[in-house]
Amino acid sequence: MAAAAATTGNGSTSVGLLVLMAVALAAAWFASAVRPPPPTPCGTPGGPPVTAPRVRTRDGRSLAYAESGASRDGARFKVVYSHGFSGGRMDSPRASQALLEELGVYMVAFDRAGYGESDPDPRRSLPSAALDIEDLADALELGDRFHLICSSLGCHAAWASFKYIPHRLAGVAMMAPVINYRWAGLPRGLVRELYRQQPLGDRWSLRIASYAPWLLHWWMSQPWLPTSTVISGSGSFPNALDEKNRIMALSTGMFQKRARAATQQGVQESFYRDMAVMFGRWPEFEPTDLGKEAPPFPVHLFQGDEDGVVPVQLQRHICSRLGWITYHELAGVGHFLSAVPGLGDRIISTLLPGPAGNSSTAPAGGVKL
């Protein structure tokens, strides 16, 4: 009996060790599988070449940029442009060159961290988004204050700038800023209703970005899992112009070309860090925490009422809560505002006052909700 008990005990111990070893091996395999590949920074061995002018940030990274409009030295207005998801330094509000020269507008757009030819930032955050803008402006000697225009997901840099560098801003225009469904200041019942209307893959992508951002690269690479329709381009849009442009971009290969350019240093460093910052936790503040005291500069927000990415109802709520944003709701317009003919000129004319006595650049009206 004693011998049998000893055998049983040894057998149980052996089984337990085998289970522990199996668990350890499975955990090691999973950790290896979900670890994203290392980035391939521009200008490094094996990385893409550097073709654009770049400036240095305070922590030693490089930001690539592109200039347009009037000459920097003689410009009346200096404007920094922050591109949206999958964009880059060649993006802009698409204002006409004639208007930019008439108003004396110098505009600089830049690849946000990890995009295009700007160095990846493994510590990307809301504060770093604002500080990158400040570093770019200082390196290019844009002066004590400058204007800021942001588009779509790139508007998290505007919210961060309100919080961290308001003393550097002369005025801000936001174009269809993306929202985080988990912001506490949003009405929860409405948020749940609108969130459930999103495609299944987008809902899961937002969940992973919020609760397990370290899992994004692995999750998005699994064809059997529900993944982002925005990244794949597979989601249709309710607005006719947005949908026409989506189909055209896919059929001509432009969608894929833009994605390759944006992610050439690694999709983890561009798309997925973008998602983690925008849709993850905002521990220090949320937009509705900024208070009702108006900043000492104009703020305009342009939003299409047929936006298939950002629910217009939530945009109205944020603007109403804050009270100091001049809200421009655009009838029959979707999400991609820079594609709307003439809208770039309207945004520039609204944000920047024209020369005295020039009625051709009078701003279009908006409302403070």
Side-chain angles (χ1 to χ4, degrees), residues 51-57 62-84 87-112 115-118 130 132-152 154-155 157-158 161 165-176 295-302 326 328 336-366:
T51 65
R54 305 203 297 179
V55 301
R56 286 282 186 179
T57 63
S62 294
L63 298 176
Y65 67 92
E67 301 169 297
S68 60
S71 165
R72 189 196 316 167
D73 293 336
R76 294 177 61 229
F77 302 106
K78 313 290 178 64
V79 179
V80 176
Y81 179 79
S82 174
H83 65 80
R89 67 185 182 277
M90 303 311 295
D91 293 351
S92 76
R94 295 191 186 176
S96 65
Q97 180 67 19
L99 178 65
L100 297 179
E101 291 180 355
E102 177 187 354
L103 294 179
V105 179
Y106 162 84
M107 186 172 298
V108 58
F110 70 105
D111 291 330
R112 294 191 286 105
Y115 274 85
E117 295 183 21
S118 286
D132 279 1
I133 288 173
E134 184 176 43
D135 288 348
L136 176 70
D138 287 343
L140 297 177
E141 300 181 342
L142 301 191
D144 293 338
R145 297 203 304 161
F146 51 88
H147 288 80
L148 178 63
I149 300 178
C150 302
S151 177
S152 189
C155 288
S161 296
I165 58 167
H167 57 288
R168 302 302 305 275
L169 303 176
V172 177
M174 293 186 282
M175 303 166 59
F297 49 82
V299 179
H300 297 270
L301 191 152
F302 295 82
T326 302
H328 306 260
F336 301 99
L337 303 190
S338 61
V340 178
L343 186 55
D345 280 5
R346 175 178 169 182
I347 291 170
I348 292 294
S349 298
T350 301
L351 179 63
L352 307 175
N358 189 339
S359 61
S360 66
T361 56

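Worth saying up front: this structure is predicted, and the values here are computed from it rather than measured. FYI, side chains are in, hydrogens and waters are out, and symmetry mates aren't considered; it's all heavy atoms of this structure.
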Completion exercise
What one should report as the nearest heavy-atom pair of Met90 and Ala66 is SD-CB, 3.8 Å
Problem - Any Met174 side-chain heavy atom under 4.5 Å of Val299 side chain - result: yes
Exercise for the section: Fit a plane to each ring of His147 and Phe77, take the angle between them on a 0 to 90° scale, and name the class: parallel (under 30°), tilted (30 to 60°) or perpendicular (over 60°). Expected result: perpendicular
Practice task
Please examine the side chains of Leu148 and Ser161, heavy atoms only from C-beta on, and report whether any two atoms are closer than 4.5 Å.
Solution key: yes
Problem - Spacing of CG belonging to Leu63 relative to CZ belonging to Phe110, to within rounding of 0.5 Å - result: 6.5 Å
Practice task
Report yes or no: does Asp111 contribute a side-chain atom to a donor-acceptor pair with the main-chain N or O of Arg89 at less than 3.5 Å?
Solution key: yes
Fill in the blank from the handout: Between the CZ atom in Arg346 and the NE2 atom in His300, the distance rounded to the nearest 0.5 Å is 10.5 Å
Problem - Closest approach of Ala70 to Leu100 (non-hydrogen atoms, all atoms of both residues) - result: CB-O, 4.3 Å
Practice task
Using a 4.5 Å cut-off on heavy atoms from C-beta on, say whether the side chain of Tyr81 contacts that of Ser151.
Solution key: yes
Practice task
For residues Pro93 and Met107, determine if any side-chain heavy atom of one lies less than 4.5 Å from a side-chain heavy atom of the other.
Solution key: yes
Problem - Distance, nearest 0.5 Å, that separates NE2 of His328 from CG of Leu337 - result: 11.5 Å
Problem - Closest approach of Gly84 to Ser152 (non-hydrogen atoms, all atoms of both residues) - result: CA-CB, 4.2 Å
Practice task
Report the C-alpha separation of Met175 and Cys150 in whole Å, then their side-chain angles, then the decisive distance to 0.1 Å, and conclude whether the side chain to side chain contact (heavy atoms under 4.5 Å, CB included) test is met.
Solution key: CA-CA 6 Å; Met175 303 166 59; Cys150 302; over 6 Å; no
Problem - Heavy-atom closest pair, residues Ser82 and Gly154 - result: OG-O, 3.1 Å
Practice task
Identify the heavy atoms of Ala95 and Ile348 that sit nearest to each other, and give their distance.
Solution key: CB-CG1, 3.6 Å
Handout entry: Note, Ser349 side chain near Leu99 side chain (heavy atom, < 4.5 Å)
Key = yes
Fill in the blank from the handout: CG of Leu352 to CD1 of Ile347, rounded to nearest 0.5 Å, is 11.0 Å
Handout entry: Minimum side-chain heavy-atom gap Thr350-Phe302 below 4.5 Å
Key = yes
Handout entry: Test side-chain contact (heavy atoms from CB on, under 4.5 Å) applied to Leu136 and Asp132, Ile133, Leu140, the passing residue
Key = Leu140
Practice task
Check whether any side-chain N or O of His83 sits under 3.5 Å from a backbone N or O of Arg112 as a donor-acceptor pair, and report yes or no.
Solution key: yes
Practice task
Write out all pairs satisfying salt bridge (Lys or Arg N to Asp or Glu O under 4.0 Å) with one or both partners inside residues 135-150, taking only residues at least two apart or from two chains.
Solution key: Arg58-Asp135, Asp138-Arg168
Exercise for the section: Would you indicate whether the side-chain heavy atoms of Tyr106 and Ser71 approach each other to under 4.5 Å? Expected result: no
Completion exercise
Smallest heavy-atom separation, Leu351 atom then Gly171 atom, equals CD1-C, 3.8 Å
Problem - Non-neighbouring partners of Asp345 that pass salt bridge (Lys or Arg N to Asp or Glu O under 4.0 Å), sequence neighbours left out - result: none
Practice task
Taking the side chain as every heavy atom from C-beta outward, state whether Arg94 and Val340 have any pair of such atoms under 4.5 Å apart.
Solution key: no
Problem - Residue list, ring-ring contact (aromatic ring centres under 6.0 Å, His included) with Phe146, at least two apart or on another chain - result: none
Problem - Under 3.5 Å donor-acceptor, Glu117 side chain and Ala52 backbone - result: yes
Practice task
Return yes if some donor-acceptor pair links the side-chain N/O of Ser118 with the main-chain N/O of Ala64 below 3.5 Å, else return no.
Solution key: yes
